[in-house]
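Residues take their numbers from the sequence shown, with the count starting at 1. Just so you know, ligand 1 is whichever comes first in the structure, and atom 1 is the first atom listed for that ligand.
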Amino acid sequence: MKDDVSQIQSVGPRAVEQLEAMGIKTVEQLLEHFPFRYEDYAIRPIHEAQHDERVTIRGIVHSEPTLRFYGKNKARLTVRVLVDGLLVQAVFFNQSYLKKQINLGDTITINGKFDRNRLMISGGTIKTAKNSQAGELEPVYSIRGNLKMTTLRKFINNAFQQYGDQIEETLPEQLINMYRLMNRQETFRQLHFPTSATQLVQAKRRMIYEELLLFQLKMQMFRKWERQGDEGQQKVFSIDKVKGFVQDLPFELTQAQKKVLKEILDDLQGPHRMNRLLQGDVGSGKTVVAGCALYANALAGFQGALMVPTEILAEQHKASLQDLLAPLQLRVELLSGSARVKERREILAGLVNGEIDVLIGTHALIQEGVDFKKLGLVITDEQHRFGVEQRRILRKKGLRPDVLFMTATPIPRTLAISAFGDMDVSVINEMPKGRKPVETRWGKPDMLPRVIDFMKRELGKGYQGYVICPLIEESEKLDVQNAIDVHQQLTQAMPEYRVGLMHGRLSSEEKDDVMNQFAENSVNLLVSTTVVEVGVNVPNATVMVIYDAERFGLAQLHQLRGRVGRGQAQSYCILLADPKSDVGKERMKIMTDTNDGFELSERDLELRGPGDFFGAKQSGLPNFKVADIVEDFRVLEVARQDANKLVNSEAFWKSEDYGKLRDRLREQGAFQGEKLD
Ligand SMILES: Nc1ncnc2c1ncn2[C@@H]1O[C@H](COP(=O)(O)OP(=O)(O)OP(=O)(O)O)[C@@H](O)[C@H]1O
């Protein structure tokens, strides 16, 4: 496998040069040059073919082919073909020789790009018995210079014939069995010469896992070495007390919550600094887990800080944490940006002398002059709202605190973090019992009267609702005006109910007032801008109406929608939108189709394409041969967990079973702690 490519049959000196220009010197490198896509020559019924899709169709030649020359040596051959009862125009460029091969009445198979509107297939090739022998899936490789695709295919074929049986298994048997992975040799064979689409899927599955596992192993080995000597604060607390605390909660934690709580508690007790990401869909119950962690931290004699993105949320968390922690003689305070000087001074003093156990706040928390006596744990909610710089300042405060980042956004930030990150990830992948998915509907703005009736019905049952007016980026003023208008309109439309108004221009006290009234159900309907987007928790609210929903991102709509469906009752989300584009319509449809944040963001990605999502190339994300860090995110997570187990097991470092895997890692420089891929 380490042989030079010149050892491969029919690879001459010129080919050696051409391959070298593509970074391929050894047989192994050639065999690891996998196709980046496959041409699918399986014949498709024409009505299934999508617009602009490359397809293979079969039909009967219905007209004599006509050949036209144009430009300099350019030729265009046109022929009509009857396919499944439809007359399709087939166009071939610069293949004038085809004219002789196409005869009226012949059955021909064409592969090309399909134009649905004009019923035309173009840019294609004709498949004859001769060139379709290779099977229905034909590998397409990236090539450079004047190396031809067919030549490269031949080289790879020869290489496989000569060296195929030297392809060794590198993954340990235990993993192969656990995930029923295709063996390595067969994987190579299928990737280069797929025998069927299902086999190809299996081969890809294996290779994606292998690549991501190696990547994660390298990263985690690196981290393990780095960590040696990085002493955190080992927190000592009574697990029984934490258990008691959990038992006293008004509900039982879900299995997922228990699991992540354990991970967090282990981190707190462990010798290293925690740097953990807690990911969970909206309403999955992250906050209560944070509360338990803050309690454990306080039991160990440390202070904790909870940073949130908005003041409304800070207020809300303060109230709920006080409920939880005050009976246990813990002091929870809020440091708000709008606090009066005297109040602020008292809080700062309480922090320095250690009287305050838990501090909640927005960015104010990390301002200069906020000093803690013994800061042990920092939790941030929706961390993407906090810049890297702010996190850095925070980490510098206190005694190397443990850090927990909570987020309901599965992608993109999380993805980036788990892809490069030195972070551990915990996921709450389960909703509390009894939750019903929010029923989402999409209607045109002229349906407003019906929507108002619907809201009235819900309010009539004693439930509450939100009405969200869009945020107009350029003008907060217009935005607020918008909310004021809607508020007025709805107040008139439902005089029997109390309609509250919330927006960013209200003073902190006014916001508190409105929020408190809403929380107590003395305000039935809350008209608001997106300030209620994250974290707001009023389980009695069952309906949310979002105006101009097409103006929001899907992730944001999902966050907003997460404000309802937080209790036992069936909840509804109504999107009022009149999107003009197909993508816009599709986005609304996705919202009505799924309630799962993960699925939503994946479909959003599909719609926009990963290129849009973040320039993977520029972002410095590692490049994989088969894996795609966006699409294969779930596998990345599995690989991360597996790598973690391995790195922390003795067998991985010592046992013969892992010898081959270690060899591969060694080859890739992992054992020198060198720069990661
Ligand atoms: N295991 C559980 N069983 C029942 N209810 C729960 C459970 N865990 C949390 N809850 C309740 O579910 C609601 C949502 O919880 P929480 O606010 O912690 O979610 P979250 O994940 O922080 O949501 P968001 O991402 O929207 O901020 C709260 O009313 C909380 O009391």
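Of the heavy atoms in Thr287, both backbone and side-chain atoms come closer than 4.0 Å to ligand 1. Proximity of Arg563 to ligand 1, defined as any heavy-atom pair under 4.0 Å, is confined to the side chain (atoms from C-beta onward). Using a 4.0 Å cut-off between heavy atoms, Gln257 contacts ligand 1 through its side chain alone, with no backbone atom that close.
For atom 19 (O) of ligand 1, the candidate residues are Gly285, Pro250, Pro539; the nearest heavy-atom contact is made by Gly285. Across Arg566, Arg435, Gln568, heavy-atom proximity to atom 12 (O) of ligand 1 is greatest for Arg435.
Heavy-atom proximity to Val288, at under 4.0 Å, picks out these atoms of ligand 1: 8 (N), 18 (O). Proximity to Glu252 (heavy-atom distance under 4.0 Å) selects the following atoms of ligand 1: 1 (N), 2 (C), 3 (N). Remark: ligand 1 atoms within the under-4.0 Å shell around heavy atoms of Thr254 are 1 (N). Residue-ligand proximity, Leu253 to ligand 1, at heavy-atom distances under 4.0 Å covers atoms 1 (N).
Residue contacts with ligand 1: Pro432 is placed with no nitrogen or oxygen under 3.5 Å of a nitrogen or oxygen of the ligand (distance criterion only). For ligand 1, one of its N or O atoms has an N or O atom of Asn537 under 3.5 Å away.
Around CD of Glu510, the count of heavy atoms belonging to other residues, nucleotides or ligands within 6.0 Å exceeds 12.
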- prompt: Are Asp357 and Leu325 close enough, and set up right, to give a side-chain contact (heavy atoms from CB on, under 4.5 Å), and what steps lead you there?
  reply: CA-CA 10 Å; Asp357 301 288; Leu325 301 175; over 6 Å; no
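A search for ring pair (Phe, Tyr, Trp, His ring centres under 6.0 Å) contacts involving Tyr572 returns Phe454, not counting sequence neighbours. The ring pair (Phe, Tyr, Trp, His ring centres under 6.0 Å) search around Phe245 returns Tyr295, not counting sequence neighbours.
With hydrogens and angles left out, the side-chain atoms of Arg498 and Ser522 include no donor and acceptor closer than 3.5 Å.
Among all heavy-atom pairs drawn from Ala296 and Val242, the shortest one is CB-CG2, 3.9 Å.
Inter-residue side-chain proximity for Leu448 and Gln489 is flagged as met; some heavy-atom pair is nearer than 4.5 Å.
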